[in-house]
Structures are given as C-alpha cells and as structure tokens.
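Only heavy atoms go into these numbers, but all of them, side chains included; no hydrogens, no water, no symmetry mates.
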Amino acid sequence: MRKNVYILRERKSDGELHLFLANPTDQDECYSKQKSICGRMDVEEDSRTIFSCQPEERARTQCAKIGRTLCSTCVSHLYMDKI
C-alpha cells in the first residue's frame, strides 16, 4: 500500500496556502482529496499549485521554508504523531 502524499495550493483570491492529501498512482501522478486538510479550501477553487506529490518529510521541509502564509491547521497535520 502506498502512503499518502501532499499537494500545496495557493488560493488566488487571498494568497492563503492549503495542503491537500493526495493518493499517488502508478503513473507518477497524484489525485488530491476534494477538500484541503482543514476543510476550508476546495480543490476546484481558483488556485495555483506550489508543489505536488510530495511525501510527508519533503512537504514538511518545503512548508517550513514558506512560513506564515500557510494555513496553520493544514501544516499542523504534518507534525501530528501517527498512531
């Protein structure tokens, strides 16, 4: 079973960044969930992709470099203890 990967999108209307969980495919693509991790952004909103198909550790590193414009609820998901 493949692990989830992450997509980071910037909402064009306000510049806020949200993380989406995604499922990788065998064709090196990934398909995101309909809603961001926090539930406040929809995949169909006018946005641009900052990064795509990144594993958790890489997503965490890239988000740390970006800083404050990230949704804090979305980014906190990267630091949760997995049970």
Side-chain angles (χ1 to χ4, degrees):
M1 186 167 101
R2 301 182 93 180
K3 291 187 174 189
N4 283 328
V5 293
Y6 295 87
I7 298 172
L8 182 65
R9 291 195 167 114
E10 177 184 24
R11 184 187 292 138
K12 289 189 177 181
S13 65
D14 61 10
E16 190 169 61
L17 300 166
H18 291 272
L19 280 170
F20 289 77
L21 280 172
N23 296 313
T25 68
D26 291 332
Q27 293 78 31
D28 291 326
E29 298 173 343
C30 54
Y31 295 99
S32 72
K33 306 288 183 186
Q34 186 68 29
K35 294 278 189 184
S36 62
I37 290 170
C38 68
R40 295 190 314 247
M41 184 176 173
D42 193 275
V43 73
E44 296 172 3
E45 287 185 49
D46 191 23
S47 64
R48 73 180 180 102
T49 301
I50 306 299
F51 64 71
S52 184
C53 300
Q54 297 299 311
E56 183 177 290
E57 189 63 36
R58 179 92 169 118
R60 188 181 300 137
T61 301
Q62 290 183 341
C63 287
K65 291 177 184 177
I66 293 169
R68 293 191 169 266
T69 56
L70 275 154
C71 169
S72 60
T73 303
C74 286
V75 80
S76 69
H77 178 85
L78 295 173
Y79 295 93
M80 290 175 39
D81 288 336
K82 305 297 184 223
I83 296 174

Quick check: do Cys63 and Phe51 have side-chain heavy atoms less than 4.5 Å from each other? yes
Verify the cluster assignment for Tyr79 and Leu17: are they in a single hydrophobic cluster under the rule of side-chain heavy atoms below 4.5 Å apart? yes
Would you say CZ of Arg40 has more than 12 non-hydrogen atoms from neighbouring residues, nucleotides or ligands within 6.0 angstrom? yes
Indicate, with yes or no, whether the SG-to-SG separation of Cys38 and Cys71 is under 2.5 Å.
no
One should read off an interatomic distance between Arg60 CZ and Gln62 CD, to the nearest 0.5 angstrom, of 12.5 Å
Rounded to the nearest 0.5 Å, the CD atom of Gln54 sits from the SG atom of Cys30 at a distance of 8.5 Å
Rounding to 0.5 Å, atoms OG (Ser36) and CD1 (Ile7) come to a distance of 12.0 Å
**Asked** Should Val75 and Ile66 count as side-chain neighbours, where that means a heavy-atom distance under 4.5 Å?
**Response** no
To the nearest 0.5 Å, atom CD of Glu16 lies from atom SG of Cys74 at 8.0 Å
Rounded to the nearest 0.5 angstrom, the CG-SG distance for Asn4 and Cys53 is 11.5 Å
Heavy atoms of Phe20 and Lys33 approach each other most closely as CD2-O, 3.6 Å
(request) Could you tell me whether the side chain of Leu21 reaches within less than 4.5 Å of the side chain of Ile37, counting heavy atoms only? (result) yes
Item checked: Same cluster (ILVMFWY, side-chain, under 4.5 Å), Val43 and Leu19 -> no
Answer yes or no: is there a side-chain heavy-atom contact under 4.5 Å between Glu56 and Leu78? yes
**Asked** Can a salt bridge be assigned to the pair Lys35 and Asp42 using a cut-off of 4.0 Å between side-chain N and carboxylate O?
**Response** yes
One should read off an interatomic distance between Ser32 OG and Leu8 CG, to the nearest 0.5 angstrom, of 11.5 Å
